[in-house]
Chemist: 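I'd like to ask some things about the structure below.
Proteins come first, then strands; the chains are lettered A, B, ... in the order of their sequence lines, and each starts at number 1.
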Number of protein chains: 2
Amino acid sequence: MTTSTPPIQEHWLALLQENGYRVTGPRRSVVEIVANHHRALNPYQVFELARQRYPRLGLVTVYRTLEKLEALGLIERVHQPHGCHAYLPAAVGHQHLLLCQGCGNAEYFSGDDLDDLIGRIAARTGYQIKEHWLQLFGLCTACRAGAQ
Amino acid sequence: MTTSTPPIQEHWLALLQENGYRVTGPRRSVVEIVANHHRALNPYQVFELARQRYPRLGLVTVYRTLEKLEALGLIERVHQPHGCHAYLPAAVGHQHLLLCQGCGNAEYFSGDDLDDLIGRIAARTGYQIKEHWLQLFGLCTACRAGAQ
DNA sequence: TCGATATTGATAATCGTTGTCAATAGAAAA
DNA sequence: TTTTCTATTGACAACGATTATCAATATCGA
Ligand SMILES: [Mn+2]
Ligand SMILES: [Mn+2]
Ligand SMILES: [Zn+2]
Ligand SMILES: [Zn+2]
């Protein structure tokens, strides 16, 4: 019988190993939660969920694990109107977030082309533009149906 | 002799009046700082600057005044990589921010047209898109020169 | 299996923000 | 101008979220 553990999770644990970190029970539980969720979770939410898998988990360990996952580029902080302390699996390549205002579901999209706009703003302001943040908010199909 | 007080500041104070708030010394000092700055300032930074004008100012009053200015739509919170608790005079109409990574200077720009992109993402994902956040980061002309 | 040490959870400390309250000051009325 | 009402103030305490400390424990290479 082969294990059905999602590959993202295994990849994250392997990356922790490779970087000299130990793979422990508490870390497994945190990774399992954050790697497989489609909504941004704050440290306490991660704690509540992960401790169902690893009951003696401490909140402090959640903070420390999130810190390491962020340093490894595996998760990233999501900025939202109601708070900026929730995390999601990091974008792969050049992607931006689309967030559902109803259920909090998050998806990445790619294919934005802002070169034109950026060129125009650069010319107008004299700035050399190096980065951009783009985030879309709306209602997913499920929430659209629910709210009519 | 006419006063040379910047009009934004007077507008803000008038708006406080109109909404039943009293115009006090402490509030004047906070408004003067935030209304005339081109960089996002957090509550403590506002406190340090404003108390040069009104030495007996308390930090708590800064928090309370910022809260009211935000409620009146005169200032807005700015999200940045290194923190999301700094404020700027609010955008007028549909505008987005361009921030200098060197000196922190902030400018608004308008004229972005994301309808095309948004339509494409909506079609692809099934989301009904209701809002967007866009923010550009770069170097202003002065910082570009300074950093070569 | 063993041992060095990274990691853990409990606890305390810290930081930014918000609540409490008596004293004060704004502004409308007298 | 003076009076009066009460919104506002600053000092202080309280709070919640995050970070530091430390002895006990668990990981993983030897
Ligand atoms: Mn982009
Ligand atoms: Mn726009
Ligand atoms: Zn939804
Ligand atoms: Zn600059």
Chemist: What is the nucleic acid contact for Gln17(B), judged by heavy atoms within less than 4.0 Å: base, sugar-phosphate only, or nothing?
Modeler: sugar-phosphate
Chemist: Angle class for the Phe137(A)/Trp133(B) ring planes (parallel below 30°, perpendicular above 60°, tilted otherwise)?
Modeler: perpendicular
Chemist: Mind checking salt bridge (Lys or Arg N to Asp or Glu O under 4.0 Å) for Arg120(A) and listing every partner two or more places apart, or none if nothing turns up?
Modeler: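 Asp116(A).
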Chemist: Would you grab the first and last nucleotide of DNA chain C (5' to 3') that comes under 4.0 Å of any non-hydrogen atom in chain B?
Modeler: dG16(C) to dA27(C)
Chemist: Kindly compute the distance separating CZ (Arg124(A)) from OG (Ser110(B)), expressed to the nearest 0.5 Å.
Modeler: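 Separation between the atoms: 6.0 Å.
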Chemist: Using a heavy-atom distance cut-off of less than 4.0 Å, which residues of residues 43-56 of chain B contact DNA chain D?
Modeler: Tyr54(B), Arg56(B)
Chemist: So if I take residues 19-30 of chain B and measure heavy-atom distances to DNA chain C, which residues fall below 4.0 Å?
Modeler: Arg22(B), Val23(B), Thr24(B)
Chemist: Is there a donor-acceptor pair under 3.5 Å between the side chain of Gln45(B) and the backbone N or O of Asn42(B)?
Modeler: yes
Chemist: Go through the structure and list residues passing salt bridge (Lys or Arg N to Asp or Glu O under 4.0 Å) with Glu32(B), not counting sequence neighbours.
Modeler: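 Salt bridge (Lys or Arg N to Asp or Glu O under 4.0 Å) list for Glu32(B), sorted by chain: Arg53(B).
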Chemist: To the nearest angstrom, how far is Leu16(B) atom CG from dA7(D) atom C1'?
Modeler: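 Nearest whole value for this atom pair: 13 Å.
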Chemist: Take Leu57(A) and His85(B), find for each the nucleotide of DNA chain C with the closest heavy atom, and name the residue whose nucleotide sits nearer the 5' end.
Modeler: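 Closest to the 5' end, via its nearest nucleotide, is Leu57(A).
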Chemist: Kindly say whether the aromatic ring centers of His96(B) and His132(A) come within a distance under 6.0 Å.
Modeler: no
Chemist: Nearest whole angstrom, please: distance from the P of dT9(D) to the CG of Leu59(B).
Modeler: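 Distance, rounded to whole Å: 13 Å.
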Chemist: Take the C1' atoms of the five end pairs on each side of the helix from dT1(C)-dA30(D) to dA30(C)-dT1(D), get both axes, and report the angle to 10 degrees.
Modeler: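 For the helix from dT1(C)-dA30(D) to dA30(C)-dT1(D), the axes at either end differ by 40°.
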Chemist: Are any non-hydrogen side-chain atoms of Trp12(B) and Val34(B) less than 4.5 angstrom apart?
Modeler: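 Trp12(B) vs Val34(B): side chains touch.
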